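Throughout, numbering of the chain's residues begins at 1 and tracks the sequence. Quantities reported herein were computed from a predicted structural model and do not represent experimental measurements. We count ligands from 1, going down the list as the structure has it; atoms in each ligand are counted the same way.
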Amino acid sequence: MRRKLAAGNWKMNGVSTQLAEVEALCAAHPSPRVDLLIAPPATLISSMVVSAANHALEVAGQDCHGEKNGAHTGDISGEMLKDAGASYVILGHSERREDHSESDDDVRSKARAALAADLKVVICIGESLEEREAANTLEIIAGQLAGSLPDILTGENTVIAYEPIWAIGTGKVPTLAQIGEVHDFIRSKLQTRFGEGVGRSIRLLYGGSVKPSNASEIFNVSNVDGALVGGASLKAEDFSGIIKALEDAI
Ligand code: PGA
């Protein structure tokens, strides 16, 4: 059985005072029945690790470079994230694909580098509104999966987040049938490429405007193993509601 995962992505939000939210979250969920992960800005990784000491909550980076080290001003390597106490890194978020022109090839080499640094990866994929309206969603998803995933991965070290770009930060959510269609499609593609066992063991998160009020219905969709949450992960109370909904879906 795949263990469920509630992952928060703080994006470019939060200075040290924001860590009070993590402390409140840990206090509200002393022994969570699902995996918990938060990706703060890189400046808060090591202090968040301290805030979550003695708690199961894990900490993630939001990006890493595809090389181990070198002359890349402003970039962060997988080894650096690991050294700061992160155990995961989010890769290929649509905001990185857009703001930094990251291609599937870039995401794949970052994933290789992150896995080599012994990090687990959350690889994001998702279609734009134009692609959805042109009925190209599954084709786009297939292309992103083929291009962004390295050949060597396992259910232990890799999570995939399906995030329709038009649902991120907009309050718009696909229908449950649309979410289910894409998640089932991703599952079957993974089984074809990586074999039944590995394909079945990789966790699939849905992301895009997940809130406490819509989390339960989303978590009951087949092949949804949790969520990648942006805005609603910034407040302990909101993220807590989503975590409870996920625990109820076990
Ligand atoms: P949102 O962001 O929950 O604020 O829509 C999701 C994401 O970008 O991971």
- Task: Return yes if some donor-acceptor pair links the side-chain N/O of R200 with the main-chain N/O of Q191 below 3.5 Å, else return no.
- Result: no
- Query: Which class fits the ring pair H183 and Y206: parallel under 30°, tilted 30 to 60°, perpendicular over 60°?
  - Reply: tilted
- What residue and atom, counting heavy atoms only, is the protein's closest point to atom 3 (O) of ligand 1, and at what distance? G230 N, 2.8 Å
- Item | G208: numbered ligand 1 atoms lying under 4.0 Å from its heavy atoms | 5 (O)
- Would you say the side chains of E127 and W166 form a donor-acceptor pair under 3.5 Å? yes
- Task: Say whether A167 and ligand 1 are in contact under the criterion: heavy-atom distance to a ligand atom below 4.0 Å.
- Result: yes
- Message: If you count heavy atoms of other groups shown closer than 6.0 angstrom to CD1 of I152, is the number above 12?
- Response: no
- Message: Looking only at distances, can you tell me whether any N or O atom of I168, backbone or side chain, sits closer than 3.5 Å to an N or O atom of ligand 1?
- Response: no
- Message: What verdict does the salt bridge (Lys or Arg N to Asp or Glu O under 4.0 Å) test give for D35 and R203, after you've listed the backbone C-alpha separation in whole Å, the side-chain angles of each residue and the deciding distance to 0.1 Å?
- Response: CA-CA 11 Å; D35 288 349; R203 292 180 287 183; 2.9 Å; yes
- Query: For G92 and R97, which heavy atoms make the closest approach, and how far apart are they?
  - Reply: O-NE, 2.8 Å
- Message: Under 4.0 Å, counting heavy atoms only: does G169 come that close to any atom of ligand 1?
- Response: yes
- Note on the structure: For H93, the ligand 1 atoms with a heavy-atom partner under 4.0 Å come out as 7 (C), 8 (O), 9 (O)
- Item | Close N or O approach (T170, ligand 1; < 3.5 Å) | no
- Message: Please classify the A232 to ligand 1 contact at 4.0 Å (heavy-atom distances, strictly less than): side chain, backbone, both or neither.
- Response: neither
- Where ligand 1 meets S209 - atom numbers and elements under 4.0 angstrom, heavy-atom basis: 1 (P), 3 (O), 5 (O)
- Message: List ligand 1 atoms under 4.0 Å from G231, heavy atoms only on the residue side.
- Response: 1 (P), 3 (O), 4 (O)
- Under 4.0 Å to a heavy atom of E163 - the qualifying atoms of ligand 1, by number: 6 (C), 7 (C), 8 (O), 9 (O)
- Message: Quick check against the 3.5 Å criterion: does R187 have a side-chain atom that pairs as donor or acceptor with the backbone of S222?
- Response: no
- Could you say whether the N/O atoms of K11 and ligand 1 ever approach to under 3.5 Å? yes
- Message: Do L204 and V229 sit in one hydrophobic cluster, given that two such residues count as connected whenever their side-chain heavy atoms are within less than 4.5 Å of each other, even indirectly?
- Response: yes
